[in-house]
Amino acid sequence: MRAMVLEHPAPISSKPLVARDREAVSAGPGEMVLRVAACAVCRTDLQICEGDLASHLLPVVPGHQVVGIVEEIGPEVHGWAVGDRAGIGWLSWACGKCAYCASDRENLCPNAQFTGWDVDGGYAQRVKMHADFALRLPEAFADIEAAPLLCGGVIGYRSLKRSGIQPGGRLGLFGFGASASLAIQVASYWGCEIYVRTRSPAEQARARALGAVWAGDYADPLPVRLQAAVTFAPVGSVVVNALSALAPGGTVAINAIHLDHIPQFSYDLLWEERTICSVANYTRRDARE
């Protein structure tokens, strides 16, 4: 089996991923093996490869936005058959027993494992997974269309939920990469009035094409106060920028697994019951929705 393997984190310029022949994977109890059809690339993969996120397993095969076909099913697997199409996301496994798992917050399980970080992921011909965490994919999506939804899409969706934005509300998106370009489509479907700040003129134009009523640079004044905002850039100053754009009672949801320091800011920006919250992983319910 061929796979792209991270043996030691290093700058991407040094090409830390190497092609290797590895032993074929096999399914144990509760597991399935998928033949990989597509695996999208996430910024978190870059952060793992470069060492921004401390390694949990080395060597490791990255990749956690995986679409594949079930080739092997282990004992104690129910509801899946050889030939089914399945998706794999960032959440590889959770214990199912802790207080977080029992309250539909498995994303916070202290024993959770993550694909391409704690266990091998999808930069390979085949991948093994816990069947209970396999995701069913609508036939309407082709493999390469479904793959980015398995992290960028679902995390963007959870970020919208965490922000508290309501259908028709005034929403800000700060940074406009892959996840934001998917989240804006959900927010547009909800009838939200969407404002985007991003440094790139090309991304500003793309945001407008995807439904933003306004798009500009971080220094450009917004024409309205926002009821909610989601930050996608992994830069702490962007969180403060978003906070400064909120109306009283609004929330900034931080869509980032890794963030540099948040600069000191005046308490006046947080006053009037504004809120900052993080977004940690996702639940299977998020993915189904």
Side-chain angles (χ1 to χ4, degrees), residues 42-44 46-47 52-53 107 152-282 286:
C42 179
R43 185 182 180 89
T44 304
L46 173 64
Q47 293 169 322
D52 289 335
L53 296 177
N107 59 308
V154 71
I155 292 294
Y157 173 71
R158 184 172 182 84
S159 299
L160 293 176
K161 294 205 305 184
R162 289 282 286 158
S163 78
I165 190 64
Q166 297 298 307
R170 295 190 306 276
L171 172 70
L173 304 179
F174 290 69
F176 202 73
S179 188
S181 72
L182 296 170
I184 194 175
Q185 296 177 60
V186 176
S188 180
Y189 179 76
W190 288 347
C192 294
E193 191 177 291
I194 305 162
Y195 299 81
V196 173
R197 274 180 170 167
T198 179
R199 293 179 299 177
S200 166
E203 296 301 333
Q204 293 168 17
R206 189 161 70 109
R208 287 189 287 268
L210 286 170
V213 299
W214 180 95
D217 193 82
Y218 291 105
D220 295 338
L222 283 170
V224 298
R225 284 286 189 179
L226 305 172
Q227 293 168 311
V230 180
T231 65
F232 295 89
V235 182
S237 60
V238 172
V239 176
V240 180
N241 190 278
L243 189 62
S244 68
L246 282 186
T251 295
V252 175
I254 304 171
N255 179 345
I257 192 173
H258 174 77
L259 192 72
D260 66 8
H261 75 284
I262 297 178
Q264 183 176 1
F265 60 89
S266 169
Y267 176 63
D268 290 343
L269 296 183
L270 194 60
W271 172 241
E272 295 180 309
E273 298 191 351
R274 296 175 180 88
T275 301
I276 301 173
C277 70
S278 64
V279 180
N281 318 315
Y282 68 90
D286 295 326

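Quick note: residue numbers are just sequence positions, from 1.
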**OP:** Output, in order, the C-alpha distance, side-chain angles, deciding distance and verdict of side-chain contact (heavy atoms from CB on, under 4.5 Å) for Val196 and Glu203.
**Re:** CA-CA 9 Å; Val196 173; Glu203 296 301 333; over 6 Å; no

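- Between Leu182 atom CG and Ser159 atom OG the span is 11.5 Å, to the nearest 0.5 Å.
- With a 4.5 Å cut-off on side-chain heavy atoms, Leu160 and Leu171 count as touching.
- The environment of Arg208 atom CZ is dense: over 12 non-hydrogen atoms of other residues, nucleotides or ligands sit within 6.0 angstrom.
- A 4.5 Å side-chain heavy-atom check between Phe176 and Ile184 finds at least one atom pair inside the cut-off.
- Of all heavy-atom pairs spanning Ser179 and Asn255, the tightest one is OG-ND2, 3.3 Å.
- When every heavy atom of Gly177 is checked against every heavy atom of Arg206, the shortest pair comes out as O-NH2, 3.9 Å.
- A salt bridge (Lys or Arg N to Asp or Glu O under 4.0 Å) check over residues 258-273, counting only residues at least two apart or in different chains, returns the pairs Glu272-Arg274.
- Taking Arg158 as the reference, Asp286 meet the salt bridge (charged side-chain N to carboxylate O under 4.0 Å, His left out) condition, with sequence neighbours excluded.
- Proximity of Leu210 to Ser181: side-chain heavy atoms (C-beta onward) are separated by under 4.5 Å at one or more points.
- Note that OH of Tyr218 is 7.5 Å distant from CG of Asn241, once rounded to the nearest 0.5 Å.
- Sorted by first and then second residue, the salt bridge (Lys or Arg N to Asp or Glu O under 4.0 Å) pairs with a member in residues 213-237 form an empty list; sequence neighbours excluded.
- When atom types are taken as modelled, the side chain of Ser163 and the backbone of Ile165 share a donor-acceptor pair closer than 3.5 angstrom.
- Between the CG atom in Asp52 and the CG atom in Leu259 there is a gap of 11.5 Å [rounded to 0.5 Å].
- Contact record, Cys192 with Pro167: SG-CA, 4.4 Å, taken as the closest heavy-atom pair.
- The shortest side-chain heavy-atom distance between Leu270 and Phe265 falls under the 4.5 Å cut-off.
- Taken to the nearest 0.5 Å, the CG atom of Asn281 stands 6.0 Å off from the CD1 atom of Ile155.
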Original post:
Can Gln204 and Trp214 be said to form a side-chain contact (heavy atoms from CB on, under 4.5 Å), step by step?
Top reply: CA-CA 8 Å; Gln204 293 168 17; Trp214 180 95; over 6 Å; no

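- The distance from atom CD of Gln227 to atom CG of Leu246, rounded to the nearest 0.5 Å, is 10.0 Å.
- Taking all atoms of both residues into account, the shortest heavy-atom contact from Leu173 to Ile194 is CD1-CG2, 4.1 Å.
- Rounding to the nearest 0.5 angstrom, the gap separating the OG atom in Ser237 from the NE2 atom in His261 is 8.0 Å.
- For the residue pair Ala242 and Thr231, the shortest heavy atom distance occurs at CB-CG2, 3.7 Å.
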